[in-house]
Amino acid sequence: MSSPGFPLQKVSLVMLLVIAAGCASLPAEKPTLYQQFGGAAGVNDLANAFIMRLAEDPLVVDSFADTDMDQFHGHISDQFCNLMGGGCEYTGRDMVEAHQGMNIDPRQFNALVEDLMQAMDDVDIPQGAQNRLLQMLAPMYGDMVQ
Ligand code: HEM
């Protein structure tokens, strides 16, 4: 039995449509941070873009004059991958040891972080994912700037 103004079939159809719309808008499984960075290939591209930015930055480039950049590429990739939960093992030195004696000042630290932000833009990392990596790096400030 249904009321003449609003037949039961119509009510059921509307309900079905509402349920279907609700299902369609259920969030899909959220990609991990590592996936948002494009996995191993994405992190590799990011490390390349980062090194290009560092090489063009007058505030930091001299610090890398004697650095084996292939090794740096490997270690920074592993560190990022490890932080993002990508399962890589980081085999470089700890951050205090790696940076001691360089007299890194706050301007240099900020410059390097900006280089990283530009590198992340270069390889189209979504803003939210960028922010999450930066949040993980921020506490390292005291390890580099003394
Ligand atoms: C959040 C900021 C930073 C992160 C995450 C970071 C990360 C790293 C990592 C993973 C390494 C490799 C260590 C190893 O191979 O044992 C490294 C090395 C190095 N970093 Fe940083 N770093 C940061 C800030 C800086 C700053 C501000 C400078 C200087 C302007 C700097 C200069 C260097 C240099 C020159 C090396 C190579 C050292 C060598 O050749 O022995 N880093 N860094």
Side-chain angles (χ1 to χ4, degrees), residues 6 8-146:
F6 212 139
L8 193 57
Q9 291 94 321
K10 269 196 190 163
V11 175
S12 313
L13 185 63
V14 169
M15 281 175 66
L16 260 179
L17 286 173
V18 168
I19 291 166
C23 289
S25 65
L26 275 181
E29 189 103 343
K30 201 173 180 297
T32 65
L33 187 58
Y34 189 55
Q35 285 168 339
Q36 290 179 63
F37 272 81
V43 171
N44 182 62
D45 289 349
L46 172 60
N48 285 335
F50 185 35
I51 288 170
M52 300 276 279
R53 289 285 178 180
L54 293 176
E56 290 167 1
D57 185 339
L59 273 175
V60 302
V61 66
D62 292 346
S63 304
F64 288 89
D66 298 326
T67 297
D68 174 341
M69 293 312 281
D70 284 342
Q71 181 175 280
F72 177 77
H73 181 286
H75 283 165
I76 201 81
S77 302
D78 287 345
Q79 185 193 44
F80 287 172
C81 162
N82 183 274
L83 286 170
M84 292 171 198
C88 306
E89 189 190 350
Y90 170 67
T91 57
R93 291 160 292 171
D94 72 48
M95 290 297 93
V96 173
E97 197 189 332
H99 298 93
Q100 68 193 0
M102 287 189 207
N103 295 320
I104 296 172
D105 67 34
R107 280 174 63 233
Q108 287 178 303
F109 185 88
N110 291 341
L112 180 135
V113 171
E114 271 179 35
D115 294 334
L116 177 60
M117 288 161 68
Q118 282 171 335
M120 289 192 285
D121 280 345
D122 292 342
V123 296
D124 296 324
I125 305 299
Q127 198 59 53
Q130 292 197 18
N131 292 344
R132 283 180 63 199
L133 178 62
L134 294 171
Q135 276 165 12
M136 289 190 258
L137 299 179
M140 297 179 185
Y141 177 90
D143 294 345
M144 288 121 194
V145 180
Q146 266 114 33

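Order of appearance sets the numbers: ligands from 1, and atoms from 1 within every ligand. It should be emphasised that the depicted structure is a prediction, and the values quoted were computed from it without experimental measurement. One is the number of the first residue; the rest follow in order along the sequence.
Ring geometry, Phe50 versus Phe80: the interplanar angle falls from 30° to 60°, so the pair is classed tilted.
Nearest non-hydrogen protein atom to atom 40 (O) of ligand 1 is Thr67 OG1, 2.8 Å. Nearest protein heavy-atom contact of atom 3 (C) of ligand 1 is Met144 CE, 3.4 Å.
For an aromatic pair to be called close, the ring centres must be under 6.0 Å apart, and Phe64 with Phe72 satisfies this.
Residue nearest to atom 34 (C) of ligand 1, selected from Met102, Gln79, His99: Met102 (by heavy-atom distance). The residue from Arg93, Gln71, Met95, His75 that puts a heavy atom closest to atom 39 (C) of ligand 1 is Arg93. Within the set Phe64, Tyr90, Phe72, the minimum heavy-atom distance to atom 13 (C) of ligand 1 is found for Tyr90. Among Asp105, Leu112, Leu137, Val60, the residue whose heavy atom lies nearest to atom 2 (C) of ligand 1 is Leu112.
Side-chain contact check for His73 and Asn48: at least one donor-acceptor pair (N or O, by modelled atom type) lies under 3.5 Å.
Heavy-atom proximity to Gly92, at under 4.0 Å, picks out these atoms of ligand 1: 16 (O). Distances below 4.0 Å separate heavy atoms of Ile104 from the following atoms of ligand 1: 26 (C), 27 (C), 28 (C), 29 (C), 31 (C).
A donor-acceptor pair under 3.5 Å is formed between the side chain of Asn82 and the backbone N or O of Cys88.
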